[in-house]
Amino acid sequence: MIPKKKEKISFRFSTEESGILYVQIPRTNLLERLSIKYLGQPAHHEVKLDELGSFVIQLCDGSYPVHVIEDRITEHFGCKAAPIRERLIAFLSILEANDWIEWREP
């Protein structure tokens, strides 16, 4: 399967830390929209990812199957990311549960 980041999700690079991303999640329900309009609340939530999560989410562009992402993690992080497969599956499950990615067939 091939993970692809949903269009509604964007991210920005940290200016303080190299290789770190902030995922920007739009605030879209009625109460959130009202708080944005009338209370000056931000239009999105930001979630800071660690180095591994930042690396993985950039590869979730619909081009790479999970096994290729696993290989790229191994090449980039080596044993520092071990156990790679288990961590990758857990992270992708979290992304899916939060509705940040969708799955495509190869």
*Partners meeting salt bridge (charged side-chain N to carboxylate O under 4.0 Å, His left out) with E51 (sequence neighbours left out)*: K80
*Can you tell me how far the CG atom of D50 sits from the CG atom of L21, to the nearest 0.5 Å?*
10.5 Å
_Value rounded to 0.5 Å, distance of CD1 in I69 from SG in C60_ = 4.5 Å
*Residues in ring pair (Phe, Tyr, Trp, His ring centres under 6.0 Å) with F13, at least two apart?*
none
*To which residues is L30 joined in a hydrophobic cluster, defined by side-chain heavy-atom contacts under 4.5 Å among Ile, Leu, Val, Met, Phe, Trp and Tyr, whether direct or through other members?*
L34, Y38
*Could you tell me the separation between the CD1 atom of I9 and the CD1 atom of I101, rounded to the nearest 0.5 Å?*
11.0 Å
*In Å, rounded to the nearest 0.5 Å, how long is the span from CD of E16 to OG of S18?*
12.0 Å
*Should I73 and I20 be counted in the same cluster of Ile, Leu, Val, Met, Phe, Trp and Tyr side chains packed under 4.5 Å apart?*
no
*Compare every heavy atom of S54 with every heavy atom of Q58, then report the nearest pair and how far apart it is.*
NE2-O, 3.0 Å
*Who are the side chain to side chain contact (heavy atoms under 4.5 Å, CB included) partners of F91, not counting sequence neighbours?*
L49, V56, L95
*asked:* For F77 and F55, take the angle between the two ring planes, folded into 0 to 90°, and tell me which bin it lands in: parallel under 30, tilted 30 to 60, perpendicular over 60.
replied: perpendicular
_If hydrophobic clusters are built from ILVMFWY residues whose side chains come within less than 4.5 Å, do I94 and Y22 share one?_
no
*Euclidean distance, I84 CD1 relative to I89 CD1, rounded to 0.5 Å*: 12.0 Å
_Heavy-atom donor-acceptor pair, R104 side chain to G62 backbone, under 3.5 Å_ = yes
*With sequence neighbours left out, which residue pairs that include part of residues 81-91 fulfil the side-chain hydrogen bond (donor to acceptor under 3.5 Å, both in side chains) condition?*
E70-R85
*Could you pull out all residues at least two apart from R27 that satisfy salt bridge (charged side-chain N to carboxylate O under 4.0 Å, His left out)?*
E32
*Indicate yes or no for a side-chain donor-acceptor contact from N98 to the backbone of W100 under 3.5 Å, with no hydrogens or angles considered.*
no
*Starting at OH of Y64, measure out to CD1 of I2 and round the result to the nearest 0.5 Å.*
11.0 Å
